[in-house]
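Keep in mind that what you see is a predicted model, and the values were worked out from it rather than measured. Hydrogens, waters and symmetry mates play no part in the numbers below; they use all other heavy atoms, side chains included. Order of the sequence lines sets the chain letters (A, B, ...), proteins ahead of strands, with each chain counted from 1.
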There are 2 protein chains.
Amino acid sequence: MADMSPYCYEYPHPALTTDIILFTLRHDVLSILLIRRRAQPFQGSWALPGGFVDMDECLEDCALRELAEETGITGVYLEQLYTFGKPNRDPRERVISVAYYALAAYDQLAPVAGSDAAEVAWFALDDLPPLAFDHADVIQLAQQRLRAKLDYSTVAFGLVGETFTLGELQKVYEIIRGEALDKRNFRKHILSLGVLAETDATRSNGKSRPAKLYRLAHPGAVQYIK
Amino acid sequence: MADMSPYCYEYPHPALTTDIILFTLRHDVLSILLIRRRAQPFQGSWALPGGFVDMDECLEDCALRELAEETGITGVYLEQLYTFGKPNRDPRERVISVAYYALAAYDQLAPVAGSDAAEVAWFALDDLPPLAFDHADVIQLAQQRLRAKLDYSTVAFGLVGETFTLGELQKVYEIIRGEALDKRNFRKHILSLGVLAETDATRSNGKSRPAKLYRLAHPGAVQYIK
DNA sequence: AACGATAGTGTGATAGTTACACTATGTCAA
DNA sequence: TTGACATAGTGTAACTATCACACTATCGTT
């Protein structure tokens, strides 16, 4: 018994995990990536990717590592969301989960089921399967946060590629806010923020006039705006 | 040895604490409550109130309990801020800290040093002593968050009493934003939010014309506005 | 009764937001 | 090659919100 449980403490310690809500837009639908659990508890249920924090890694590194291990995905934008710690979240033992949300452009992603995942799949946010643990709550909070940050930060740029057309960007805003936006007003607004730079390339969707491509003037961190 | 460390796990577990940044306005200065540590590590240093999470209590309850135990303070507004988890935050072992910030009106508070605290004192945010652990970072983030939330929520009401004059409320905004505001514009704005209710009482500061007292129309949760 | 202190009140200028419709340029099919 | 389709790209006027600004009212104090 002691051989199987060699990590001993004077006081009880909880287990610590990270969970990742990876948002993307696929076929004009806001979606997240879920894995089907290979292990107990909730074996066979859909759940957020995530897992236990190693003792020598920081929380953010853990989130990135788990996402990579379970889904093969790397290089996404990541931000801490909230820490969930109710006593009976997990039937095995006390587990604290630090939730992160991640954003990426769909065509830059190629998820592959990894070690702890029997399967990996995208789900539209309004068509989620039954979820393990309290992951439904986690996802709902993430969606709220994403919507709120649209208005005062540059999060939206995390959901498009490195270069993008204003039409693509407008679609991101429309889908997350759930309402149509006026094209001229949107362009005026977004250009006035001063965070975009023109490129001299254009992109055609194959059916119509090609659109000018833009990129972030200062790529990297999400900025607060206004 | 095993007798001193009876809580054993198959994998290593971190310790889990909460820390609380309790803001108040005292003598027109934004201040927080610190305790002087009675125990190692950082014995004798100033630190945020906080402590280890019990295995059967949720994170928020822990924060409230620790605040009560160490400072005697109860009944404050509390909100999760961020979770700090770098591997070497604490020299003893891996410690994850879920930080909460709290708000209260100064005259409703009477801090008293409790069990783990040798001393409890208010410090102006721009005149903090050297702090234990990474608490200086925690406080800085809390201050940023407080300032940001002023503009899109009703947090400011957490720093005044149950009833308050518009002059008092304006002072809260001015101090947190660090700039003077126009009285007429402030009143127009705050009343237009529709979150205030008049009372028919007034309050005099003893030196001048008494001011009408207001209260929150829907006390309780901090609301998002605009 | 005069003074000091804070409460309380409105208006005009400016800036930001909204509503709204047509031309331009590409692809595709006949 | 030309016409139909799809999306890109563009300006203006009405409306709304924000900002700057100064005086009167009412209390306590001397």
Side-chain angles (χ1 to χ4, degrees), chain A residues 25 27-28 107 147-148 150-154 156 160-161 163-215 224-226, chain B residues 25 27-28 107 147-148 150-154 156 160-161 163-215 224-226:
Chain A
L25 281 179
H27 322 314
D28 294 346
D107 54 16
R147 190 173 293 147
L150 258 201
D151 290 329
Y152 61 89
S153 81
T154 55
V160 295
T163 60
F164 46 86
T165 68
L166 294 183
E168 288 165 10
L169 193 60
Q170 182 175 345
K171 195 135 234 168
V172 172
Y173 277 83
E174 288 180 335
I175 289 170
I176 296 175
R177 297 177 53 148
E179 61 181 356
L181 300 174
D182 178 82
K183 198 198 322 189
R184 280 168 294 190
N185 292 338
F186 178 78
R187 285 162 183 251
K188 213 183 315 171
H189 172 70
I190 216 81
L191 291 172
S192 77
L193 297 179
V195 297
L196 293 190
E198 290 190 9
T199 68
D200 30 56
T202 59
R203 173 186 300 162
S204 167
N205 69 350
K207 282 179 197 155
S208 71
R209 175 175 174 180
K212 178 169 281 179
L213 285 169
Y214 290 80
R215 58 178 177 76
Y224 289 80
I225 51 185
K226 257 192 272 187
Chain B
L25 281 178
H27 322 315
D28 294 345
D107 54 17
R147 189 173 295 146
L150 258 203
D151 290 329
Y152 60 89
S153 82
T154 55
V160 295
T163 61
F164 46 86
T165 69
L166 294 183
E168 288 164 10
L169 194 59
Q170 183 175 345
K171 195 135 233 167
V172 171
Y173 276 83
E174 288 180 335
I175 289 170
I176 296 174
R177 297 177 53 147
E179 61 181 356
L181 299 173
D182 178 82
K183 197 197 325 188
R184 280 167 294 189
N185 292 337
F186 177 79
R187 284 162 184 250
K188 214 183 313 170
H189 172 69
I190 216 81
L191 290 172
S192 77
L193 297 178
V195 298
L196 294 190
E198 290 190 9
T199 68
D200 30 55
T202 59
R203 173 187 299 162
S204 167
N205 68 351
K207 285 177 194 152
S208 71
R209 175 176 173 180
K212 179 170 282 179
L213 285 169
Y214 290 80
R215 58 178 177 77
Y224 289 80
I225 52 185
K226 255 190 277 185

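Considering B:L193, B:N185, B:L191 in turn, B:L193 is the only one that fulfils the side chain to side chain contact (heavy atoms under 4.5 Å, CB included) rule with B:H189.
In this structure, the nucleotide among D:dA6, C:dA5, D:dC19 sitting nearest to the side chain of B:K188 is D:dC19. Distances from the side chain of A:R184 to the nucleotides C:dT9, D:dG11, C:dA5 place D:dG11 closest. Of the candidate nucleotides C:dT18, C:dA7, D:dG28, C:dT18 has the atom lying nearest to any side-chain atom of A:N185. Nearest to the side chain of A:K183, among D:dC27, C:dT9, D:dG9, sits D:dG9.
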B:N205 and B:T165: side-chain contact (heavy atoms from CB on, under 4.5 Å), yes or no, with the steps? CA-CA 11 Å; B:N205 68 351; B:T165 69; over 6 Å; no
Evaluate the side-chain contact (heavy atoms from CB on, under 4.5 Å) criterion for residues A:I190 and A:Q170: first the C-alpha distance (whole Å), next the side-chain angles of each, then the deciding distance (0.1 Å), finally the verdict. CA-CA 9 Å; A:I190 216 81; A:Q170 182 175 345; over 6 Å; no
Kindly determine whether B:K171 and B:L25 satisfy side-chain contact (heavy atoms from CB on, under 4.5 Å), including the steps that lead there. CA-CA 9 Å; B:K171 195 135 233 167; B:L25 281 178; 5.6 Å; no
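Residue B:L191 contributes atom CG, which lies 15 Å from atom P of D:dA17 at whole-angstrom precision. Per the geometry, CD belonging to A:E174 stands 12 Å off P belonging to D:dT7, to the nearest Å. Following rounding to the nearest Å, B:E168 (CD) and C:dA7 (C1') show an atom-to-atom distance of 12 Å. In this structure, B:F186 places its CZ atom 20 Å from P of D:dC21, rounding to the nearest Å. In this structure, the CD1 atom of A:I190 is 16 Å from the C1' atom of C:dT18, given to the nearest Å. The separation between A:H189 atom NE2 and C:dT17 atom P is 7 Å, rounded to whole Å. If you take CG of B:L181 and P of C:dG8, they are 17 Å apart, rounded to a whole angstrom. Residue B:R209 contributes atom CZ, which lies 6 Å from atom P of D:dT26 at whole-angstrom precision.
The side chain of A:R187 contributes an N or O atom lying less than 4.0 Å from OP1 or OP2 of D:dG9.
Here the closest heavy-atom approach between residue A:T199 and residue A:Y214 is recorded as CG2-C, 4.2 Å.
Of the residues near DNA chain C, A:S208 and B:T165, the one whose nearest nucleotide (by heavy atom distance) lies more toward the 5' end is B:T165. Comparing A:K207 and A:D182 by the nucleotide of DNA chain D that holds the closest heavy atom to each, the one mapping nearer the 5' end is A:K207.
A donor and an acceptor atom never sit less than 3.5 Å apart when one is taken from the side chain of B:N205 and the other from the base of C:dA5.
Contacts of A:K212 with the nucleic acid, taken as non-hydrogen atoms under 4.0 Å apart, involve only primed sugar atoms and P, OP1 or OP2.
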